[in-house]
A.B. asks: 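Below you'll find the structure I mean.
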Amino acid sequence: MEVIQQYRAYRPRPLKGEERGKVKIVYGGLTWKHERLIQGALENAGYKAEPLPEIKRADLDIGKELIDTGACCPTTFTAGNLARFLKEKSEREGREGVKEGYVFVTIGACGPCRFGQYHESYERVLENLDFKDFRMFLLDLLQMEQNEGGLEITMPLTFGLVYSMFLGDLMTDMEYAIRPYEVIPGETDKVLKESIELIYDRLKNRPSRGKKWGSLLWHVTTPYFVKVLKEVRELWDKVEVDRLRVKPRVKITGEFWLQTHEGDGNYNIKRWLEQEGAEVIPPPIAVWMDYLIYLSLWKMEESREFVEKFWLKKAVIKLLLNLYHFTYNRLRKALNNIPNTLPPQEELRSLAKPYFHHFLAGGEGYMLIGKALYAHLNKHAHMICELSPYGCMPNTMSIGAMQAVLGKYPDLLYAPIEIKGDAEVHALSRCQMILTEAKKRAQREFEEALERTGLSVEDIRNYEDERPELRKATYKVPHYGYAGTSANYVMHVAKLMGRV
């Protein structure tokens, strides 16, 4: 007689309270800087933690063997990365040691893309590697799949993760703003590592103020992290830069994982752009959280007649947004405002409104269009490089809408790159074509600034000899209406010299 085996959904064994401090939480998907700082926040909460290893090209092939062939490349890369982690750990610590000694925590949510199903692909990895007993937990934005026991989202941990995100973003902005102009090659990377280790240590050892109101009050009002960043600034002060190098500024937008990632998963495109002579403007993760909060506010406003205590709830969300921006800007100020500001969500929505409704969620929503127009119209970038996974439906909608944008703004340099993981030459050559025009624009701007001010490069070099602080990485150059750093720098020096 044929026996039919019923399908049973994956259910992880619970992580018990007494296992906390013994079992390592494994996670990934962000930059190494964010992941190191998250490790500090988790260890402060009493957990052991370890990020997944750096993504490699081989992870794509491993992932393709284990999960659905139609999965997008962020899912396939992560699945392969998880599989490689499990295999390598098993070789060193044995399968039982891995099953009992580690748990994998991943995020997910519902929506129009497959983001809410990523964890099911990772379940296929466990199934195909005979690791069904390995524990994987889903963090659905604000709720852990196991909401009691060994995994617990407390207020100190939540604030630790938020600060990890903010501080990781700020360090990433510093890195990409400075490395293209560093005088001594490799100095930016060296100082960056020292900075991250310093912040990691302070996150891990930050004081405890209880689990609720005391913790809330301390994290909102404390100067603790500002003091840490002032120490970090002293490290960056020693990096000498040459801002007379003419470079096009390239704004990165696109799908969350691809735009955030730094490595083989997106053809290492940020480093590649730098090698091609560009300055990259990376996307902060804080923008994504800002977007989610605004989206909930606008949805509530849309249905206000059905919302109890609407004005009170709106006031609470507004207060939350003000605190969010106040904290981010206070941290930026500690670094002399070198990191970029968060783009205003109301303006992004307004810019994208003729082309994309703000309630169409998924992907980057209206932000893909809004950020491109914001950077172009305010002259913050010469070019937009947008990264989408192969077959990503929400991003495909936004890219389609961008065609209407380009019809109205034909001078917007836009390079939409579809990342498949195995078509690197095609993607980079497409980007290179647009970058060539961006380089010409940056050069024209620089020459125009010299002509307007009547200065020569030699004049500026001589002035720098008298004012060596101008060549510090932490010296802030204001925006004078040019997209390029070098053109704005010429205008700034001219102003200091009384020439404009």
Side-chain angles (χ1 to χ4, degrees), residues 33-34 37 162-182 187-188 191-192 194-196 198-199 202 220-244 247 249-252 279-287 289-290 321-345 347-348 371 374-375 378-381 464 467-496:
K33 293 151 281 185
H34 292 86
L37 300 184
V162 170
Y163 270 103
S164 301
M165 179 179 67
F166 282 178
L167 296 165
D169 283 348
L170 296 171
M171 285 296 98
T172 302
D173 266 13
M174 292 289 290
E175 172 192 2
Y176 285 99
I178 292 168
R179 187 166 48 223
Y181 304 99
E182 66 185 5
E187 199 169 16
T188 301
V191 170
L192 178 64
E194 291 173 3
S195 303
I196 292 296
L198 194 156
I199 300 170
R202 302 303 167 80
V220 169
T221 60
T222 182
Y224 181 82
F225 296 104
V226 170
K227 289 178 181 173
V228 175
L229 288 183
K230 285 182 178 174
E231 290 181 54
V232 167
R233 179 178 166 179
E234 290 177 10
L235 297 174
W236 289 91
D237 273 340
K238 297 170 187 169
V239 180
E240 184 183 2
V241 295
D242 177 8
R243 294 190 176 90
L244 288 175
K247 293 179 178 290
R249 297 188 85 214
V250 180
K251 170 71 180 165
I252 302 289
E279 177 189 342
V280 170
I281 308 174
I285 298 171
V287 176
M289 290 301 296
D290 199 27
L321 282 168
N322 287 335
L323 284 173
Y324 190 86
H325 285 263
F326 169 77
T327 304
Y328 196 82
N329 287 329
R330 188 166 67 148
L331 297 174
R332 281 183 60 242
K333 190 176 178 183
L335 296 168
N336 203 24
N337 292 317
I338 299 294
N340 299 303
T341 57
L342 296 178
Q345 291 291 332
E347 189 171 345
L348 297 185
K371 287 198 288 190
Y374 181 76
N378 291 291
K379 294 193 179 298
H380 292 312
E464 284 177 337
R467 301 277 301 273
E469 70 272 16
L470 289 172
R471 291 175 69 91
K472 281 187 178 181
T474 52
Y475 187 88
K476 176 68 177 176
V477 177
H479 187 249
Y480 291 91
Y482 288 111
T485 297
S486 55
N488 283 312
Y489 183 63
V490 170
M491 294 300 295
H492 183 59
V493 172
K495 187 174 182 182
L496 293 175

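Atoms considered below: every heavy atom in the structure, side chains included; atoms not considered: hydrogens, waters and symmetry mates.
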A.B. asks: With sequence neighbours left out, write down each residue that passes side-chain contact (heavy atoms from CB on, under 4.5 Å) with Asp237, or none if nothing qualifies.
C.D. replies: Arg233, Lys472, Thr474
A.B. asks: Atom CG of Leu229 and atom CG of Asn336: how far apart are they, to the nearest 0.5 Å?
C.D. replies: 12.5 Å
A.B. asks: For Arg467, which residues count as a salt bridge (charged side-chain N to carboxylate O under 4.0 Å, His left out) partner, sequence neighbours excluded?
C.D. replies: Glu469
A.B. asks: Suppose we screen for side chain to side chain donor-acceptor pair (under 3.5 Å). Which residues come up paired with Ser195, at least two apart in sequence or across chains?
C.D. replies: Trp236
A.B. asks: Looking at every non-hydrogen atom in both residues, tell me the closest pair between Ala473 and Ile338 and how far apart they are.
C.D. replies: O-CD1, 3.9 Å
A.B. asks: Who passes ring pair (Phe, Tyr, Trp, His ring centres under 6.0 Å) against Tyr324, sequence neighbours left out?
C.D. replies: Phe166
A.B. asks: Kindly write out the residues that satisfy ring pair (Phe, Tyr, Trp, His ring centres under 6.0 Å) with Tyr224, not counting sequence neighbours, or none if the list is empty.
C.D. replies: Trp218
A.B. asks: What residues, two or more places apart in sequence or in another chain, satisfy salt bridge (charged side-chain N to carboxylate O under 4.0 Å, His left out) together with Glu194?
C.D. replies: Lys190
A.B. asks: Search all heavy atoms of Lys379 against all heavy atoms of Gly481 and return the closest pair with its distance.
C.D. replies: CD-O, 2.9 Å
A.B. asks: Does Tyr489 have any side chain to side chain donor-acceptor pair (under 3.5 Å) partners at least two apart in sequence or in another chain, and if so, which?
C.D. replies: Glu464
A.B. asks: Could you go through residues 167-176 and list every donor-acceptor pair under 3.5 Å that involves a side-chain atom there, pairing it with any protein atom two or more places apart or in another chain?
C.D. replies:
from: Asp169; atom 1: OD1; to: His34; atom 2: NE2; distance (Å): 2.8
from: Asp169; atom 1: OD1; to: Ile285; atom 2: N; distance (Å): 3.0
from: Asp169; atom 1: OD2; to: Ile285; atom 2: N; distance (Å): 3.0
from: Asp169; atom 1: OD2; to: Ala286; atom 2: N; distance (Å): 2.8
from: Thr172; atom 1: OG1; to: Lys33; atom 2: NZ; distance (Å): 3.4
from: Thr172; atom 1: OG1; to: Gly168; atom 2: O; distance (Å): 2.7
from: Asp173; atom 1: OD2; to: Asn340; atom 2: N; distance (Å): 2.8
from: Asp173; atom 1: OD2; to: Asn340; atom 2: ND2; distance (Å): 3.4
from: Glu175; atom 1: OE1; to: Lys33; atom 2: NZ; distance (Å): 2.5
from: Glu175; atom 1: OE2; to: Arg179; atom 2: NH1; distance (Å): 2.8
from: Glu175; atom 1: OE2; to: Arg179; atom 2: NH2; distance (Å): 3.0
from: Tyr176; atom 1: OH; to: Glu262; atom 2: OE2; distance (Å): 2.8

A.B. asks: Under the rule for salt bridge (charged side-chain N to carboxylate O under 4.0 Å, His left out), what residues qualify as partners of Lys371, not counting sequence neighbours?
C.D. replies: Glu364
A.B. asks: Sequence neighbours left out, what passes side chain to side chain donor-acceptor pair (under 3.5 Å) with His325? Give chain and number order.
C.D. replies: Asp290
A.B. asks: Partners of Arg249 by salt bridge (charged side-chain N to carboxylate O under 4.0 Å, His left out), sequence neighbours excluded?
C.D. replies: Glu279
A.B. asks: Can you sort out the partners of His492 under side chain to side chain donor-acceptor pair (under 3.5 Å), two or more places apart, ordered by chain and number?
C.D. replies: Tyr475, Tyr480
A.B. asks: Measuring from His380:NE2 to Ile281:CD1, what's the distance to the nearest 0.5 Å?
C.D. replies: 8.5 Å
